[in-house]
Amino acid sequence: MRWVTRAGVHIDRAACAWLIRRHVDPEAEFVFVADPSEVPANATPFDMRGVDLSHHGSDCTFETILRRYDLADPVLWRIAEIVHEADIDDGRYDAPEAAGLDVALRGLSMICDDPRVLELTGPLFDGLYEYHRRALLLGRTPA
Amino acid sequence: MGSEPGEWVLLAYRVPREPSSPRIAIWRRLKQLGVAQLVDGLVGLPADARTREQLEWVADDVLAANGTAGVWLARPASAVAERELAGQMAAARAVEYAKLAAEADTSTQLAGPARAAAVRRLRGELRRIQRRDFFAPPEREAAQRAVATLAGEPATEPVHGGAS
């Protein structure tokens with residue numbers, strides 16, 4: 001399936017692309033457009049104004065996708081808190097990792113194009129998932 | 001700032017008076033973003049990818065609350081208009097920095113875990129103010145210094161030459 005989002009990806013879109021590929025559509029192909037009017041007819045748009053898979057109320061797009069696809073995995077919801085704070089920074093969650101992740105993603109987007117950012121952040125989110133999976137199982141910070 | 005006015009992203013919006021909770025949420029969000037108020041229902045920020053995106057999300061929140069909203073990119077016709085806007089924003093941040101510095105000064109009476117907790121809270125608050133600070137008033141440095149003193153950070157001296 002083809003998925004489309006705004007060019008110049010940052011934390012929310014990078015995290016969503018990872019989420020889509022790992023938990024929604026393993027065959028996902030991503031397209032980046034400058035304007036909502038350029039969305040191809042056969043693609044599912046996300047994190048763009050006026051589309052369903054986007055910000056809703058106080059949710060960022062990552063949280064919206066978790067809700068729409070009934071992804072109840074508590075590890076994914078923990079990652080959602082980090083993505084939410086890195087993206088919206090409204091203090092809704094306690095996610096001290098958010099500030100660092102935000103800077104890392106901003107820096108990457110300065111030196112890489114969008115496909116490359118997704119390529120590099122894939123393993124980063126895999127690692128973040130594994131870390132928080134172990135943290136949840138152990139009930140403390142994993143070594 | 002040069003003499004040529006820069007680009008701004010503007011949000012023109014109108015939210016119904018009732019129900020009040022979405023209206024208040026939108027107002028809080030705009031306050032958090034540090035917008036300058038041009039006139040009633042028109043706010044702006046210096047344009048960059050992040051500020052434009054953030055105002056677009058607010059515009060969607062306004063539409064979801066049955067309001068009307070539009071996001072525009074604009075350039076002030078005169079440098080004076082821009083300076084006034086920048087001055088208004090810098091003054092708003094200056095008040096926040098001054099309040100933070102005063103809190104940091106008061107907290108130097110604390111010790112141990114209470115002081116460490118105050119440092120954590122004030123650092124977070126400083127980070128949030130800096131995020132919406134586009135014109136860096138002098139009060140910023142004073143606030144940074146006050147929090148650093150509270151944390152017991154060594155005073156930073158400018159480094160000359162390559163030590164490594």
Side-chain angles (χ1 to χ4, degrees), chain A residues 5-16 32-37 45-64 83-103 105-114 117, chain B residues 9 11-13 15 19 21-35 45 47-73 96 100 116-117 119-134 147:
Chain A
T5 192
R6 286 171 297 130
V9 300
H10 185 52
I11 180 77
D12 199 8
R13 279 162 281 160
C16 287
F32 307 94
V33 297
D35 193 271
S37 63
F46 65 98
D47 202 47
M48 303 181 85
R49 287 191 68 189
V51 308
D52 180 50
L53 297 178
S54 195
H55 286 212
H56 283 285
S58 55
D59 285 348
C60 69
T61 305
F62 192 93
E63 293 166 297
T64 300
V83 173
H84 178 103
E85 284 306 313
D87 188 36
I88 306 178
D89 191 25
D90 61 359
R92 186 173 168 196
Y93 302 109
D94 180 27
E97 309 92 324
L101 198 63
D102 177 56
V103 170
L105 264 286
R106 264 175 217 289
L108 267 188
S109 68
M110 290 172 187
I111 59 162
C112 301
D113 60 13
D114 289 330
V117 170
Chain B
V9 54
L11 169 70
Y13 71 104
V15 194
S21 61
R23 188 167 51 83
I24 291 164
I26 288 158
W27 178 79
R28 280 215 186 101
R29 184 70 191 136
L30 290 174
K31 212 171 141 63
Q32 208 170 50
L33 290 171
V35 295
L45 287 170
D48 66 35
R50 191 181 76 90
T51 54
R52 180 175 167 180
E53 176 175 357
Q54 296 299 340
L55 287 188
E56 283 177 344
W57 293 133
V58 178
D60 278 354
D61 290 343
V62 172
L63 298 179
N66 289 319
T68 50
V71 176
W72 298 81
L73 290 173
E96 295 175 349
L100 185 90
V119 168
R120 262 197 308 280
R121 188 177 60 79
L122 293 174
R123 275 185 178 151
E125 185 58 24
L126 183 61
R127 187 173 63 81
R128 278 186 289 276
I129 300 171
Q130 289 184 134
R131 193 126 197 224
R132 57 174 171 255
D133 177 12
F134 299 87
V147 174

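Keep in mind that this is a model prediction, so the values were computed, not measured. Every chain is numbered from 1, with letters handed out A, B, ... down the list of sequences.
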Hey, which of B/R50, B/R128, B/R131, B/R29 is the one that makes salt bridge (Lys or Arg N to Asp or Glu O under 4.0 Å) with A/D89? B/R131
Interatomic distance, CZ@A/R6 vs CD@B/E56, rounded to 0.5 Å, equals 6.5 Å
Atom group of A/D47 that falls short of 4.5 Å from chain B, counting heavy atoms: both
Counting only heavy atoms closer than 4.5 Å, note whether B/A59 contacts chain A via side chain, backbone, both or neither. both
When B/D60 is tested against each of A/R49, A/H56, A/H55 for side-chain hydrogen bond (donor to acceptor under 3.5 Å, both in side chains), which residue passes? A/R49
Near A/R92 CZ, under 6.0 Å, is it more than 12 heavy atoms from other residues, nucleotides or ligands? yes
Quick check on B/L33 against chain A: is it the side chain, the backbone, both or neither that has a heavy atom closer than 4.5 Å? neither
Does any heavy atom of chain A fall under 4.5 Å from the side chain of B/D61, the backbone, both, or neither of them? side chain
Which portion of B/R127 sits near chain A, non-hydrogen atoms under 4.5 angstrom: side chain
Are the side chains of B/Q32 and A/I88 in contact, using a 4.5 Å heavy-atom criterion? no
